[in-house]
Peer 1: 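Encoded as structure tokens, here's the structure I'll be asking about.
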Protein chains: 2
Amino acid sequence: MKARDTFKQLPHKTIERLSQYRRALLICLENNKDHIFSHEIAKIQHITPVQVRRDLMLIGYSGTLRKGYNIQELIDLIADIIDSDEGINVAIVGMGNLGRALINYFSGKRHKLSIVAGFDINPDKIGKKVNGISCYDSKSMGEIIKEKNIEIGIITTPSSHSMTTANQLVEAGIKGILNYTPKPVNVPDGVYLEEYDMITTLEKVAFYVKMENERAADSVVTRQDQGTAASDF
Amino acid sequence: MKARDTFKQLPHKTIERLSQYRRALLICLENNKDHIFSHEIAKIQHITPVQVRRDLMLIGYSGTLRKGYNIQELIDLIADIIDSDEGINVAIVGMGNLGRALINYFSGKRHKLSIVAGFDINPDKIGKKVNGISCYDSKSMGEIIKEKNIEIGIITTPSSHSMTTANQLVEAGIKGILNYTPKPVNVPDGVYLEEYDMITTLEKVAFYVKMENERAADSVVTRQDQGTAASDF
DNA sequence: TTTGCATTGTTATTAAATTAACAATGTTTA
DNA sequence: TAAACATTGTTAATTTAATAACAATGCAAA
Ligand SMILES: NC(=O)c1ccc[n+]([C@@H]2O[C@H](COP(=O)([O-])OP(=O)(O)OC[C@H]3O[C@@H](n4cnc5c(N)ncnc54)[C@H](O)[C@@H]3O)[C@@H](O)[C@H]2O)c1
Ligand SMILES: NC(=O)c1ccc[n+]([C@@H]2O[C@H](COP(=O)([O-])OP(=O)(O)OC[C@H]3O[C@@H](n4cnc5c(N)ncnc54)[C@H](O)[C@@H]3O)[C@@H](O)[C@H]2O)c1
């Protein structure tokens, strides 16, 4: 069994954390650090040091006792695991507010993951460039995606068009889809799909804020109750 | 124990799914459906019907045998659980590409969750409005947040400023923070924090696409190997 | 030099989340 | 009317993820 085969069995959560560790490590590297302890990584990511060590164990990386992990080595290893050697090309479908924000954001950030095309149906947008990325007519998706060897599609159309767009992407031979619209899509087996839902996260925060508010309100009531009870004596 | 107390113990994942169920249900309602089966919800959300039924069991909702769940009722119940009666006010800090996209997106969508202010440090942005939302100077965060009773802050500043911003928000008495920058922040206990990392998700998609590519490549090799082996006979 | 200590790496345990199993029930069909 | 069926609701089992426990190691201080 090849080393990379063991990576296939990494827990999904570990994959996510590796991406996050790398981000933290890159920042540390900029600050001229060369080694880092598990508890330092843990602090940054709001997790436990054990979790960090366990993840690193799973990818077979060893640190140095009392010195920690070599940052550059670890970055390289993570790259080995999650990046693909040749890089992966990405397209954005729907060059609206979010699509453009994403393009601006990603431009020239990651070597191995590059947005190389945008698609839209609005004639005003087709043919224009955003941050150096051309916007093509959605109708030409099939050709462009093959021509530019695009493997991942990001959907940022209005949600009413998410399914059509997913179908077009699948038809064009895409391998992975990241759907930012709040309307989930269906794709056949073999196409990796991630639904990325911004409202859910905000609603989750709101829920726990609400819970905390109620807890606080309750504990005031409880304190009053106790007070009354005490005055009975 | 009040009914809402049982909700405090709902699994985190269930909270997330409730938000997603509601979204799906609202769409179904628009299409003039009035009832829905667990397997229909499941299909939309790419999960199993059992998961749906289990979640609904946890929130104590019962459907009708062979008829499914009453969509409106379920929407209302979910609202009871995750929304707060009075609504929650939200602020965006960092009125850049992402901040503006979020404002455009949220404007007039959810009653119970409204973005009511933006903050920035760029004089060109301060005093302007985006989609009806005023942009204030970050310096006045303390006052405005109290004045407008804002409980949740969304951070969309450059990542170099995420920690400063989080501190300002905490200082101003915010209850929950949603951090969209790739640089995690630290907040004291009692402030609910969610780190929302867009790169991680894309990198995750890329990882599984890569795995699939390698699997496909391997299986070609395997097939050739088998071919060779067979021709030995 | 020795003792204590910080830190890693790994196994064991616990907790959280998902899935499976199946009884209950009322509807439809034969 | 009876048999088959679709669907819910719930408990049990399984899987996945996180945490705890602790041995091993070698540096630092005494
Ligand atoms: N803006 C946000 O912050 C935000 C946040 C979360 C989710 N979303 C979701 O992202 C999606 C886009 O949001 P937005 O604010 O950028 O909307 P937008 O209206 O600004 O942009 C949508 C773009 O998609 C194009 N489009 C429409 N139909 C298309 C099709 N069939 N093929 C290709 N392009 C098509 C439009 O011409 C437009 O340029 C929406 O589904 C929204 O719900 C947005
Ligand atoms: N654009 C995206 O699609 C995207 C995606 C994922 C993550 N992000 C993250 O979101 C953040 C914002 O991205 P963007 O593309 O909108 O950047 P941007 O540069 O367009 O916007 C940043 C805004 O923050 C303001 N700002 C700077 N310092 C501030 C401070 N201390 N207080 C208040 N405001 C301040 C700037 O004036 C600017 O208006 C970044 O951290 C980025 O990494 C962006």
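Proteins come first, then strands; the chains are lettered A, B, ... in the order of their sequence lines, and each starts at number 1.
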Peer 1: Show the atom names and distances, to 0.1 Å, of all donor-acceptor pairs under 3.5 Å that link a side chain in residues 74-86 of chain B to residues at least two apart or in another chain.
Peer 2:
from  : atom 1 : to    : atom 2 : distance (Å)
B:D76 : OD1    : B:Q72 : NE2    : 3.0
B:D83 : OD1    : B:R22 : NH2    : 3.1
B:D83 : OD2    : B:R22 : NH1    : 2.8

Peer 1: Using a 3.5 Å distance criterion without hydrogens, assess whether the side chain of B:S19 forms a donor-acceptor pair with backbone atoms of B:I15.
Peer 2: no
Peer 1: Can you tell me how far C1' of D:dT10 sits from CG of B:L56, to the nearest Å?
Peer 2: 13 Å
Peer 1: Look at B:K204 together with A:E194 and state whether they make a salt bridge at an N to O cut-off of under 4.0 Å.
Peer 2: yes
Peer 1: Can you list every side-chain hydrogen bond (donor to acceptor under 3.5 Å, both in side chains) pair that touches residues 152-161 of chain B, not counting sequence neighbours?
Peer 2: none
Peer 1: Looking only at side-chain N and O atoms, does A:T64 come under 4.0 Å of OP1 or OP2 in C:dT8?
Peer 2: no
Peer 1: Answer yes if the ring centres of A:H12 and B:F207 are under 6.0 angstrom apart, and no otherwise.
Peer 2: no
Peer 1: Calculate the interatomic distance between A:K67 atom NZ and D:dT25 atom P; express it in whole Å.
Peer 2: 19 Å
Peer 1: B:H39 NE2 to D:dT8 P: how many Å, rounded?
Peer 2: 8 Å
Peer 1: Less than 4.5 Å apart, side chain to side chain, heavy atoms only: is that true for A:S107 and A:I115?
Peer 2: no
Peer 1: Within the sub-3.5 Å range, which N or O atoms of nucleotides 27-29 of chain C have a protein N or O partner, and how far apart are they?
Peer 2:
from   : atom 1 : to    : atom 2 : distance (Å)
C:dT27 : O4'    : B:R66 : NH1    : 3.1

Peer 1: If you look at every strand shown and take non-hydrogen atoms under 4.0 Å, does B:T14 touch a base, only sugar-phosphate, or nothing?
Peer 2: nothing
Peer 1: Counting only pairs under 3.5 Å, give me each side-chain donor-acceptor contact of residues 60-69 of chain B, with atom names and distances, residues two or more places apart or in other chains.
Peer 2:
from  : atom 1 : to    : atom 2 : distance (Å)
B:Y61 : OH     : B:N70 : N      : 3.4
B:Y61 : OH     : B:E73 : OE1    : 2.8

Peer 1: Could you give the NZ-to-P distance, from B:K13 to D:dA17, as a whole number of Å?
Peer 2: 9 Å
Peer 1: Of B:F37 and B:M57, whose nearest nucleotide on DNA chain D comes first from the 5' end?
Peer 2: B:F37
Peer 1: Between A:Y180 and A:Y196, what is the ring plane arrangement, given parallel below 30°, perpendicular above 60°, and tilted in between?
Peer 2: perpendicular
Peer 1: Starting at CG of B:L58 and ending at P of D:dT8, how long is that distance when rounded to a whole Å?
Peer 2: 16 Å
Peer 1: Could you tell me how far apart B:Y69 (OH) and D:dA6 (P) are, to the nearest whole angstrom?
Peer 2: 17 Å
Peer 1: Between the protein and nucleotides 19-21 of chain D, are there any N/O to N/O pairs under 3.5 Å, and if so, what are the atom names and distances?
Peer 2:
from   : atom 1 : to    : atom 2 : distance (Å)
D:dT19 : O4     : A:R54 : NE     : 3.0

Peer 1: According to salt bridge (Lys or Arg N to Asp or Glu O under 4.0 Å), who are the partners of B:K33, at least two apart in sequence or on a separate chain?
Peer 2: B:E40
Peer 1: Nearest whole Å is fine: how far is C:dA16 P from B:H12 NE2?
Peer 2: 9 Å
Peer 1: To the nearest angstrom, how far is B:Q45 atom CD from C:dT18 atom C1'?
Peer 2: 16 Å
